[in-house]
Amino acid sequence: MAAKRESTFVNMLSTLLVITLVAAFTLGSVYNLTKEPIALAKQKKLEEAIRMVLPEFERLEAIKIKSDREEDSLQFFVAYQADTVIGVAINTFSNKGFSGEVRIMVSFAPDGTIYNTSVLDHKETPGLGDKMQKNKSDWSNQFNGMNPVSYRLKVVKDGGDVDAITAATISSRAFTDAVQHAYDTFLTYQKEN
Amino acid sequence: MNQIQNLTKGFIKENPVLAQLLGLCPTLGVTTSAFNGLGMGLATTFVLVSSNLVVSLVKNFIPDKVRIPSFIVIIASFVTVVELVMQGFVPALFDQLGLFIPLIVVNCIVLGRAEAFASKNTVASSVIDGLGMGLGFSMALTILGALREILGSGALFGFKFIPGEMILVFVLAPGAFIGLGYLIALTRKLNK
(Lines give C-alpha, C1' and ligand atoms only; values in the text may rest on other atoms or scores of the structure.)
Protein backbone atom coordinates (compact mmCIF):
# COMPACT_ATOMS: atom_id res chain seq x y z
CA MET A 1 0.00 0.00 0.00
CA ALA A 2 1.41 3.32 -1.04
CA ALA A 3 1.92 5.87 1.68
CA LYS A 4 -0.82 8.40 2.25
CA ARG A 5 -0.19 11.88 0.93
CA GLU A 6 0.75 14.31 3.64
CA SER A 7 -1.58 17.08 4.71
CA THR A 8 0.48 19.97 3.40
CA PHE A 9 -1.28 23.08 2.19
CA VAL A 10 -0.49 22.42 -1.46
CA ASN A 11 -1.56 18.78 -1.23
CA MET A 12 -4.87 19.64 0.39
CA LEU A 13 -5.57 22.42 -2.06
CA SER A 14 -4.77 20.35 -5.13
CA THR A 15 -6.80 17.37 -3.86
CA LEU A 16 -9.91 19.42 -3.25
CA LEU A 17 -9.47 21.20 -6.56
CA VAL A 18 -9.22 17.95 -8.50
CA ILE A 19 -12.16 16.34 -6.69
CA THR A 20 -14.48 19.33 -7.12
CA LEU A 21 -13.48 19.69 -10.78
CA VAL A 22 -14.23 16.04 -11.50
CA ALA A 23 -17.52 16.29 -9.59
CA ALA A 24 -18.53 19.47 -11.43
CA PHE A 25 -17.70 17.94 -14.79
CA THR A 26 -19.66 14.76 -14.00
CA LEU A 27 -22.71 16.64 -12.77
CA GLY A 28 -22.62 18.98 -15.75
CA SER A 29 -22.61 16.11 -18.22
CA VAL A 30 -25.33 14.16 -16.39
CA TYR A 31 -27.45 17.32 -16.22
CA ASN A 32 -27.07 17.84 -19.94
CA LEU A 33 -27.93 14.22 -20.64
CA THR A 34 -31.05 14.22 -18.48
CA LYS A 35 -32.25 17.76 -19.21
CA GLU A 36 -34.40 16.75 -22.15
CA PRO A 37 -35.99 13.60 -20.64
CA ILE A 38 -36.85 15.57 -17.47
CA ALA A 39 -38.52 18.37 -19.42
CA LEU A 40 -40.34 15.79 -21.53
CA ALA A 41 -41.56 13.90 -18.47
CA LYS A 42 -42.90 17.10 -16.91
CA GLN A 43 -44.57 18.17 -20.14
CA LYS A 44 -46.11 14.73 -20.54
CA LYS A 45 -47.52 14.84 -17.03
CA LEU A 46 -49.08 18.24 -17.69
CA GLU A 47 -50.55 17.14 -21.01
CA GLU A 48 -51.96 13.97 -19.47
CA ALA A 49 -53.59 16.04 -16.75
CA ILE A 50 -55.11 18.42 -19.33
CA ARG A 51 -56.42 15.54 -21.38
CA MET A 52 -57.82 13.87 -18.29
CA VAL A 53 -59.79 16.87 -17.06
CA LEU A 54 -61.15 18.09 -20.40
CA PRO A 55 -63.61 16.50 -22.82
CA GLU A 56 -62.41 15.72 -26.37
CA PHE A 57 -61.18 18.92 -27.99
CA GLU A 58 -59.91 20.02 -31.39
CA ARG A 59 -57.68 22.91 -30.43
CA LEU A 60 -56.05 24.05 -27.22
CA GLU A 61 -55.06 27.61 -26.40
CA ALA A 62 -52.75 28.37 -23.47
CA ILE A 63 -53.18 31.77 -21.84
CA LYS A 64 -52.21 33.39 -18.55
CA ILE A 65 -54.83 35.09 -16.42
CA LYS A 66 -53.86 37.28 -13.52
CA SER A 67 -55.13 35.91 -10.24
CA ASP A 68 -56.52 38.38 -7.72
CA ARG A 69 -55.00 36.44 -4.85
CA GLU A 70 -51.35 36.18 -5.78
CA GLU A 71 -48.89 38.29 -7.67
CA ASP A 72 -48.51 35.46 -10.12
CA SER A 73 -50.98 34.52 -12.79
CA LEU A 74 -52.57 31.11 -13.33
CA GLN A 75 -52.13 29.12 -16.49
CA PHE A 76 -55.37 28.54 -18.45
CA PHE A 77 -55.82 25.94 -21.17
CA VAL A 78 -58.89 26.80 -23.19
CA ALA A 79 -60.29 23.92 -25.22
CA TYR A 80 -62.11 24.60 -28.48
CA GLN A 81 -64.35 22.36 -30.55
CA ALA A 82 -65.31 23.93 -33.89
CA ASP A 83 -64.42 27.42 -32.55
CA THR A 84 -66.66 27.19 -29.49
CA VAL A 85 -65.16 26.99 -26.03
CA ILE A 86 -66.10 23.66 -24.51
CA GLY A 87 -64.05 23.84 -21.35
CA VAL A 88 -61.19 25.51 -19.53
CA ALA A 89 -58.48 23.65 -17.63
CA ILE A 90 -56.69 25.69 -14.98
CA ASN A 91 -53.32 24.91 -13.43
CA THR A 92 -54.03 26.15 -9.90
CA PHE A 93 -52.51 25.81 -6.45
CA SER A 94 -52.96 26.51 -2.76
CA ASN A 95 -50.36 27.17 -0.09
CA LYS A 96 -52.62 25.96 2.71
CA GLY A 97 -51.46 22.34 2.48
CA PHE A 98 -50.23 20.31 5.45
CA SER A 99 -46.69 20.48 4.09
CA GLY A 100 -46.38 23.06 1.38
CA GLU A 101 -47.94 23.74 -1.95
CA VAL A 102 -50.76 21.66 -3.41
CA ARG A 103 -50.92 22.00 -7.20
CA ILE A 104 -53.92 20.67 -9.10
CA MET A 105 -55.53 20.92 -12.51
CA VAL A 106 -59.20 21.89 -12.44
CA SER A 107 -61.46 22.19 -15.45
CA PHE A 108 -64.69 24.16 -15.77
CA ALA A 109 -67.44 23.91 -18.34
CA PRO A 110 -68.30 27.27 -19.96
CA ASP A 111 -71.17 27.75 -17.46
CA GLY A 112 -68.80 27.45 -14.50
CA THR A 113 -69.62 23.87 -13.54
CA ILE A 114 -66.58 21.92 -12.34
CA TYR A 115 -65.86 19.29 -14.95
CA ASN A 116 -62.99 17.31 -13.43
CA THR A 117 -59.86 17.63 -11.28
CA SER A 118 -56.42 16.07 -11.26
CA VAL A 119 -53.57 16.43 -8.77
CA LEU A 120 -50.28 17.61 -10.32
CA ASP A 121 -48.00 17.92 -7.33
CA HIS A 122 -48.23 17.82 -3.54
CA LYS A 123 -46.22 16.91 -0.45
CA GLU A 124 -49.07 15.78 1.82
CA THR A 125 -48.74 12.82 4.19
CA PRO A 126 -48.58 9.51 2.32
CA GLY A 127 -51.52 7.34 3.37
CA LEU A 128 -53.64 10.29 4.50
CA GLY A 129 -53.49 13.50 2.48
CA ASP A 130 -52.49 11.68 -0.69
CA LYS A 131 -56.03 10.29 -0.91
CA MET A 132 -56.71 13.45 -2.94
CA GLN A 133 -54.99 11.66 -5.84
CA LYS A 134 -57.36 9.85 -8.18
CA ASN A 135 -55.28 6.67 -8.05
CA LYS A 136 -55.47 6.50 -4.25
CA SER A 137 -59.18 7.15 -3.65
CA ASP A 138 -62.23 8.58 -5.43
CA TRP A 139 -62.56 11.40 -2.87
CA SER A 140 -61.96 14.15 -5.45
CA ASN A 141 -64.82 12.93 -7.65
CA GLN A 142 -67.32 14.71 -5.39
CA PHE A 143 -66.36 18.00 -7.08
CA ASN A 144 -67.33 16.81 -10.54
CA GLY A 145 -70.52 18.33 -11.94
CA MET A 146 -70.86 20.83 -9.09
CA ASN A 147 -71.34 24.52 -9.75
CA PRO A 148 -69.59 26.74 -7.17
CA VAL A 149 -72.51 29.21 -7.44
CA SER A 150 -74.56 26.87 -5.25
CA TYR A 151 -71.85 24.44 -4.09
CA ARG A 152 -69.95 26.02 -1.22
CA LEU A 153 -66.25 25.31 -1.72
CA LYS A 154 -65.36 24.69 1.91
CA VAL A 155 -65.07 21.54 3.97
CA VAL A 156 -68.09 20.58 6.10
CA LYS A 157 -66.19 21.55 9.28
CA ASP A 158 -65.85 25.11 7.96
CA GLY A 159 -69.51 25.30 6.98
CA GLY A 160 -69.16 24.21 3.35
CA ASP A 161 -70.36 21.30 1.23
CA VAL A 162 -67.12 19.36 0.76
CA ASP A 163 -66.66 16.13 2.71
CA ALA A 164 -63.09 16.14 4.00
CA ILE A 165 -60.77 13.12 3.79
CA THR A 166 -60.79 11.27 7.11
CA ALA A 167 -57.84 12.49 9.23
CA ALA A 168 -56.69 14.85 6.48
CA THR A 169 -58.92 17.90 6.89
CA ILE A 170 -56.04 20.28 6.22
CA SER A 171 -55.14 18.57 2.94
CA SER A 172 -58.81 18.58 1.91
CA ARG A 173 -59.00 22.27 2.80
CA ALA A 174 -55.97 23.00 0.61
CA PHE A 175 -57.43 21.07 -2.31
CA THR A 176 -60.76 22.88 -1.94
CA ASP A 177 -58.94 26.19 -1.63
CA ALA A 178 -57.05 25.52 -4.86
CA VAL A 179 -60.38 24.86 -6.62
CA GLN A 180 -61.75 28.11 -5.18
CA HIS A 181 -58.63 29.92 -6.36
CA ALA A 182 -59.18 28.57 -9.87
CA TYR A 183 -62.89 29.46 -9.79
CA ASP A 184 -62.22 33.08 -8.72
CA THR A 185 -59.73 33.47 -11.54
CA PHE A 186 -62.17 31.74 -13.91
CA LEU A 187 -64.77 34.42 -13.09
CA THR A 188 -62.24 37.14 -13.93
CA TYR A 189 -61.57 35.37 -17.21
CA GLN A 190 -65.30 35.17 -18.00
CA LYS A 191 -65.75 38.89 -17.36
CA GLU A 192 -62.95 39.68 -19.79
CA ASN A 193 -64.36 37.51 -22.56
CA MET B 1 -12.88 -11.61 7.91
CA ASN B 2 -13.93 -13.38 4.73
CA GLN B 3 -16.05 -11.70 2.09
CA ILE B 4 -19.26 -13.56 2.89
CA GLN B 5 -19.15 -12.37 6.47
CA ASN B 6 -18.29 -8.95 5.11
CA LEU B 7 -21.51 -8.99 3.08
CA THR B 8 -23.86 -10.49 5.67
CA LYS B 9 -22.70 -8.46 8.68
CA GLY B 10 -24.92 -5.60 7.47
CA PHE B 11 -28.12 -7.61 7.83
CA ILE B 12 -28.36 -8.32 11.55
CA LYS B 13 -25.04 -8.10 13.39
CA GLU B 14 -24.05 -4.62 12.24
CA ASN B 15 -27.31 -3.54 10.64
CA PRO B 16 -26.84 0.21 10.07
CA VAL B 17 -30.27 1.17 11.40
CA LEU B 18 -31.12 -1.55 13.89
CA ALA B 19 -27.70 -2.18 15.45
CA GLN B 20 -25.59 0.91 14.72
CA LEU B 21 -28.55 3.31 14.94
CA LEU B 22 -27.29 5.37 12.00
CA GLY B 23 -29.42 7.18 9.44
CA LEU B 24 -32.49 7.38 11.65
CA CYS B 25 -33.79 10.54 10.01
CA PRO B 26 -34.63 8.97 6.61
CA THR B 27 -35.66 5.79 8.44
CA LEU B 28 -38.32 7.57 10.44
CA GLY B 29 -39.32 9.91 7.64
CA VAL B 30 -39.89 7.72 4.60
CA THR B 31 -41.19 4.46 6.04
CA THR B 32 -44.89 5.26 5.76
CA SER B 33 -45.23 2.33 3.37
CA ALA B 34 -43.22 -0.74 2.44
CA PHE B 35 -42.72 0.52 -1.11
CA ASN B 36 -41.28 3.86 0.04
CA GLY B 37 -38.93 2.05 2.42
CA LEU B 38 -37.71 -0.31 -0.28
CA GLY B 39 -37.22 2.47 -2.85
CA MET B 40 -35.29 4.63 -0.42
CA GLY B 41 -33.22 1.62 0.64
CA LEU B 42 -32.25 0.68 -2.91
CA ALA B 43 -31.38 4.27 -3.87
CA THR B 44 -29.18 4.48 -0.77
CA THR B 45 -27.58 1.13 -1.62
CA PHE B 46 -26.59 2.43 -5.04
CA VAL B 47 -25.02 5.55 -3.51
CA LEU B 48 -23.27 3.49 -0.81
CA VAL B 49 -21.71 1.05 -3.28
CA SER B 50 -20.62 3.84 -5.64
CA SER B 51 -19.18 6.07 -2.95
CA ASN B 52 -17.40 3.16 -1.23
CA LEU B 53 -15.91 2.20 -4.59
CA VAL B 54 -14.62 5.68 -5.38
CA VAL B 55 -13.44 6.43 -1.85
CA SER B 56 -11.42 3.22 -1.68
CA LEU B 57 -9.91 4.00 -5.09
CA VAL B 58 -8.73 7.48 -4.16
CA LYS B 59 -8.00 6.85 -0.46
CA ASN B 60 -4.22 7.18 -0.84
CA PHE B 61 -4.53 10.32 -2.87
CA ILE B 62 -6.54 12.26 -0.27
CA PRO B 63 -4.62 13.89 2.59
CA ASP B 64 -6.11 13.11 6.01
CA LYS B 65 -7.10 16.64 6.92
CA VAL B 66 -9.39 17.14 3.91
CA ARG B 67 -10.86 13.64 3.75
CA ILE B 68 -14.32 14.58 5.11
CA PRO B 69 -14.99 17.42 2.62
CA SER B 70 -13.68 15.19 -0.18
CA PHE B 71 -15.99 12.32 0.83
CA ILE B 72 -18.98 14.65 1.09
CA VAL B 73 -18.37 16.05 -2.40
CA ILE B 74 -18.11 12.51 -3.81
CA ILE B 75 -21.30 11.37 -2.05
CA ALA B 76 -23.29 14.49 -2.96
CA SER B 77 -22.29 14.07 -6.61
CA PHE B 78 -23.58 10.50 -6.69
CA VAL B 79 -26.83 11.50 -5.02
CA THR B 80 -27.42 14.26 -7.55
CA VAL B 81 -26.70 11.84 -10.40
CA VAL B 82 -29.27 9.41 -8.96
CA GLU B 83 -31.82 12.20 -8.62
CA LEU B 84 -31.37 13.49 -12.18
CA VAL B 85 -31.38 10.05 -13.77
CA MET B 86 -34.44 8.97 -11.81
CA GLN B 87 -36.32 12.17 -12.66
CA GLY B 88 -35.54 11.82 -16.34
CA PHE B 89 -35.93 8.12 -16.96
CA VAL B 90 -38.26 6.71 -14.28
CA PRO B 91 -40.59 9.66 -13.51
CA ALA B 92 -43.12 7.29 -11.89
CA LEU B 93 -40.61 6.27 -9.23
CA PHE B 94 -39.44 9.86 -8.87
CA ASP B 95 -43.01 10.95 -8.10
CA GLN B 96 -42.95 8.60 -5.12
CA LEU B 97 -39.40 9.11 -3.85
CA GLY B 98 -38.27 12.42 -5.32
CA LEU B 99 -38.65 14.24 -2.02
CA PHE B 100 -36.38 11.84 -0.17
CA ILE B 101 -33.48 11.46 -2.60
CA PRO B 102 -31.56 14.61 -1.58
CA LEU B 103 -31.78 13.35 2.01
CA ILE B 104 -29.34 10.56 1.16
CA VAL B 105 -26.49 13.11 1.22
CA VAL B 106 -26.95 13.70 4.92
CA ASN B 107 -27.48 10.01 5.68
CA CYS B 108 -24.60 9.32 8.04
CA ILE B 109 -24.48 5.65 6.99
CA VAL B 110 -22.94 6.68 3.67
CA LEU B 111 -20.32 8.96 5.21
CA GLY B 112 -19.86 6.50 8.07
CA ARG B 113 -18.96 3.62 5.75
CA ALA B 114 -16.68 5.83 3.65
CA GLU B 115 -14.84 6.97 6.77
CA ALA B 116 -14.83 3.75 8.80
CA PHE B 117 -14.41 1.15 6.08
CA ALA B 118 -13.71 2.27 2.51
CA SER B 119 -10.87 4.61 3.46
CA LYS B 120 -9.01 1.72 5.09
CA ASN B 121 -9.85 -1.33 2.96
CA THR B 122 -9.37 -2.66 -0.56
CA VAL B 123 -11.72 -1.83 -3.42
CA ALA B 124 -13.37 -5.27 -3.49
CA SER B 125 -14.05 -5.39 0.26
CA SER B 126 -15.37 -1.83 0.18
CA VAL B 127 -17.86 -2.56 -2.60
CA ILE B 128 -19.06 -5.69 -0.78
CA ASP B 129 -19.31 -3.75 2.47
CA GLY B 130 -21.37 -1.05 0.73
CA LEU B 131 -23.64 -3.65 -0.81
CA GLY B 132 -24.16 -5.47 2.51
CA MET B 133 -24.80 -2.28 4.45
CA GLY B 134 -27.14 -0.98 1.75
CA LEU B 135 -29.16 -4.19 1.66
CA GLY B 136 -29.31 -4.25 5.46
CA PHE B 137 -30.59 -0.68 5.39
CA SER B 138 -33.16 -1.57 2.71
CA MET B 139 -34.27 -4.56 4.75
CA ALA B 140 -34.76 -2.51 7.92
CA LEU B 141 -36.68 0.19 6.04
CA THR B 142 -38.89 -2.28 4.20
CA ILE B 143 -39.77 -4.16 7.39
CA LEU B 144 -40.54 -0.95 9.26
CA GLY B 145 -42.50 0.38 6.28
CA ALA B 146 -44.49 -2.85 5.99
CA LEU B 147 -45.22 -2.84 9.73
CA ARG B 148 -46.51 0.74 9.61
CA GLU B 149 -48.47 0.17 6.42
CA ILE B 150 -50.20 -2.95 7.77
CA LEU B 151 -51.02 -1.44 11.16
CA GLY B 152 -51.75 2.04 9.87
CA SER B 153 -53.67 1.48 6.65
CA GLY B 154 -54.31 -2.28 6.53
CA ALA B 155 -52.35 -2.64 3.30
CA LEU B 156 -49.04 -4.01 2.06
CA PHE B 157 -47.19 -2.60 -0.98
CA GLY B 158 -50.37 -0.65 -1.74
CA PHE B 159 -52.75 -3.64 -1.72
CA LYS B 160 -55.41 -3.18 0.92
CA PHE B 161 -56.30 -6.47 2.58
CA ILE B 162 -57.86 -5.34 5.87
CA PRO B 163 -60.94 -3.21 5.20
CA GLY B 164 -61.92 -0.24 7.32
CA GLU B 165 -60.05 2.18 9.53
CA MET B 166 -56.81 1.09 11.15
CA ILE B 167 -54.57 2.51 13.87
CA LEU B 168 -53.93 5.99 12.52
CA VAL B 169 -50.92 6.75 14.71
CA PHE B 170 -48.78 4.23 12.80
CA VAL B 171 -48.95 6.29 9.62
CA LEU B 172 -47.88 9.42 11.50
CA ALA B 173 -44.46 10.12 12.99
CA PRO B 174 -45.02 8.55 16.45
CA GLY B 175 -45.76 5.21 14.78
CA ALA B 176 -42.28 5.27 13.25
CA PHE B 177 -40.67 5.68 16.67
CA ILE B 178 -42.81 2.96 18.24
CA GLY B 179 -42.18 0.50 15.40
CA LEU B 180 -38.46 1.25 15.27
CA GLY B 181 -38.16 0.76 19.03
CA TYR B 182 -39.57 -2.76 18.85
CA LEU B 183 -37.41 -3.65 15.83
CA ILE B 184 -34.26 -2.50 17.65
CA ALA B 185 -35.24 -4.53 20.71
CA LEU B 186 -35.71 -7.59 18.50
CA THR B 187 -32.31 -7.08 16.85
CA ARG B 188 -30.62 -6.81 20.25
CA LYS B 189 -32.25 -10.05 21.30
CA LEU B 190 -31.01 -11.77 18.11
CA ASN B 191 -27.48 -10.41 18.57
CA LYS B 192 -27.11 -11.65 22.14
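Residue numbers begin at 1 in each chain, while the letters A, B, ... track the order of the sequences. Quick caveat: nothing in here was measured; it's all calculated off a predicted structure.
- Counting heavy-atom neighbours within 6.0 Å of Glu58(A) CD, excluding the residue itself, gives a total above 12.
- Considering Pro69(B), Ser77(B), Ser70(B) in turn, Ser70(B) is the only one that fulfils the side chain to side chain contact (heavy atoms under 4.5 Å, CB included) rule with Ile19(A).
- If you measure heavy-atom distances from Lys44(A) to chain B, you find no contacts under 4.5 Å at all.
- Other residues, nucleotides and ligands place no more than 12 heavy atoms under 6.0 Å from the OH atom of Tyr31(A).
- For Phe177(B), the CZ atom is loosely surrounded, since the number of other residues' heavy atoms within 6.0 Å does not exceed 12.
- Interface remark: Lys45(A) contributes side-chain atoms only to the contact with chain B (heavy atom separation under 4.5 Å).
- Side chain of Ser7(A) to backbone of Lys65(B): a donor-acceptor contact under 3.5 angstrom is found.
- Between Leu27(A) atom CG and Glu83(B) atom CD the span is 11.0 Å, to the nearest 0.5 Å.
- With chain B as partner, the option from Leu16(A), Thr8(A), Asn11(A), Leu40(A) having the largest number of non-hydrogen pairs under 4.5 angstrom is Leu16(A).
- Other residues, nucleotides and ligands contribute more than 12 heavy atoms inside 6.0 Å of the NZ atom of Lys134(A).
- Note on Val81(B), Val58(B), Ile74(B): by heavy-atom pairs under 4.5 Å with chain A, the leading option is Val81(B).
- Other residues, nucleotides and ligands contribute at most 12 non-hydrogen atoms within 6.0 Å of the CD1 atom of Ile4(B).
- Within the 4.5 angstrom heavy-atom criterion, only side-chain atoms of Thr166(A), from C-beta onward, approach chain B.
- More than 12 heavy atoms of other residues, nucleotides or ligands sit less than 6.0 Å from atom CZ of Phe61(B).
- Two different hydrophobic clusters hold Leu120(A) and Ile104(A) under the rule that ILVMFWY side chains link at heavy-atom gaps under 4.5 Å.
- Closest approach of Pro37(A) and Gly88(B) over heavy atoms only: CB-O, 3.4 Å.
- In terms of heavy-atom pairs under 4.5 Å with chain A, the best-connected choice from Val85(B), Asp64(B), Thr122(B) is Asp64(B).
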